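Since the structure comes first, as structure tokens, the remarks are kept for the end.
What you see is a predicted model, and the numbers here were worked out from it, not measured in a lab.
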There are 2 protein chains.
Amino acid sequence: MTYDNAITALADPTRRAVFEALAVKPQSVADLAQGQPVSRPAVSQHLKVLVGARLVKATPQGTRRIYALDPTGLIALRAYLDRFWDDTLGAYAAEVRRQSAN
Amino acid sequence: MTYDNAITALADPTRRAVFEALAVKPQSVADLAQGQPVSRPAVSQHLKVLVGARLVKATPQGTRRIYALDPTGLIALRAYLDRFWDDTLGAYAAEVRRQSAN
DNA sequence: CATTATCGTAAGTCATAACTTACCGTAAGC
DNA sequence: GCTTACGGTAAGTTATGACTTACGATAATG
């Protein structure tokens, strides 16, 4: 049940911005806060959520912590969405067929 | 920019439950409310959000409205996640390589 | 050691959004 | 045409979560 944490985490715009910044390159908390319109503690709290969702991973380096992407959460989220992929396309095809039948 | 509506929409548990119920089969609002622990207006409001995210589509049928899945939102959401797919796996591979180098 | 840099956490504020009940419009059935 | 089903919307309440400032802990630096 990690996928719902991932969805919840990525639902917030600021958190998504942090996630996207880490996709560019791994960064420290201060570096991330530098590029965001919120305070450093706010970024820190967002990172906590992202780590909980397994979307992000921290590696201590001296007094700093370098955050980077963790594929685990994304894999879980994608797997969840894939469960509906065939259903959705199938339903859509059936819909198109039904409307064409008129 | 439909993908962020889709993420926001699927972030809510009740809305996800409605979405999953529609994945099983198209249903009316009353039918959906029947299977959920919330009131019918609540379901109606959730459906409005899901429609806005292009995750769900309504087809009027007499006084009832049959809701069904709309692939548009899912496609957009999946496309967004795919943007990070290679980055994430690449970053992970680099990480593994780095740790193996010790 | 003392200082400085980096970060996490606590506490409190404020906006938002997920509910509820009540109400109104609209299409079918008798 | 009246009534009945169905569903969307309005209004109000309440919980949650996204932010702020203040503080504490830890590791490098001189």
Side-chain angles (χ1 to χ4, degrees), chain A residues 1-22 25-70 73 77, chain B residues 1-22 25-70 73 77:
Chain A
M1 286 273 191
T2 309
Y3 74 87
D4 65 336
N5 288 336
I7 297 186
T8 302
L10 291 180
D12 181 75
T14 302
R15 217 144 44 206
R16 218 163 39 228
V18 169
F19 180 74
E20 295 178 9
L22 289 178
K25 75 171 165 48
Q27 292 176 1
S28 69
V29 178
D31 288 343
L32 287 169
Q34 177 74 12
Q36 303 300 329
V38 296
S39 69
R40 182 193 52 76
V43 172
S44 206
Q45 291 160 7
H46 282 307
L47 286 169
K48 185 177 185 178
V49 175
L50 288 170
V51 168
R54 311 292 302 269
L55 286 165
V56 145
K57 201 167 153 266
T59 68
Q61 185 169 318
T63 166
R64 304 197 310 172
R65 314 194 70 201
I66 305 300
Y67 283 88
L69 295 188
D70 180 358
L77 180 51
Chain B
M1 287 271 190
T2 309
Y3 74 87
D4 65 338
N5 289 335
I7 297 186
T8 302
L10 291 180
D12 181 75
T14 303
R15 217 143 45 206
R16 219 164 36 231
V18 169
F19 180 74
E20 295 178 8
L22 289 178
K25 74 170 164 53
Q27 291 174 4
S28 69
V29 178
D31 288 343
L32 287 169
Q34 177 74 12
Q36 303 300 329
V38 296
S39 69
R40 182 193 53 76
V43 172
S44 206
Q45 291 160 7
H46 282 307
L47 286 169
K48 187 177 184 178
V49 175
L50 288 170
V51 168
R54 310 292 301 270
L55 286 166
V56 145
K57 200 166 155 268
T59 67
Q61 185 169 318
T63 167
R64 305 197 308 171
R65 314 193 70 201
I66 305 299
Y67 283 88
L69 295 189
D70 180 358
L77 180 51

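Sparse packing is recorded around CD of Q34(A), with 12 or fewer heavy atoms of other residues, nucleotides or ligands lying under 6.0 Å away.
No side-chain donor-acceptor contact under 3.5 Å links R16(A) to the backbone of D4(B). No side-chain donor-acceptor contact under 3.5 Å links R40(A) to the backbone of L32(A).
Between S28(B) and R64(B), the shortest heavy-atom contact is OG-NH1, 4.2 Å. The two residues A53(B) and A9(B) have their closest heavy-atom pair at CB-CB, 4.0 Å.
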statement: In 5'-to-3' order, the base (B), backbone-only (S) or no-contact (-) status of each nucleotide in nucleotides 2-9 of chain D, using a 4.0 angstrom heavy-atom cut-off, is ---BBBBB
Pairs under 3.5 angstrom, nitrogen or oxygen only, protein versus nucleotides 13-15 of chain D, please.
none

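Applying the side-chain contact (heavy atoms from CB on, under 4.5 Å) test to A17(B) and every residue at least two apart in sequence or in another chain returns Q36(B). Qualifying side-chain contact (heavy atoms from CB on, under 4.5 Å) partners for R65(A), counting only residues two or more places apart in sequence or in other chains: A58(A), P60(A), Y67(A).
The side chain of H46(A) contributes no N or O atom lying less than 4.0 Å from OP1 or OP2 of dG17(D).
Tested against L55(A), the residues L77(A), L10(A), V18(A) include a single side chain to side chain contact (heavy atoms under 4.5 Å, CB included) partner, L10(A).
Between the axis at the start and the axis at the end of the helix from dC1(C)-dG30(D) to dC30(C)-dG1(D) there is an angle of 20°, using five pairs per end and rounding to 10 degrees.
Along DNA chain D, the nucleotide nearest T8(A) and the nucleotide nearest G62(A) are compared for position; the residue whose nucleotide lies closer to the 5' end is T8(A).
Less than 4.0 Å separates DNA chain C from at least one heavy atom of each of the following residues of residues 9-17 of chain B: D12(B), T14(B), R15(B).
One interatomic measurement links the two molecules: CG of L50(B) to P of dA18(C), which rounds to 11 Å at whole-angstrom precision.
Using modelled atom types, one finds no donor on one side chain facing an acceptor on the other under 3.5 Å when comparing T2(B) with N5(B).
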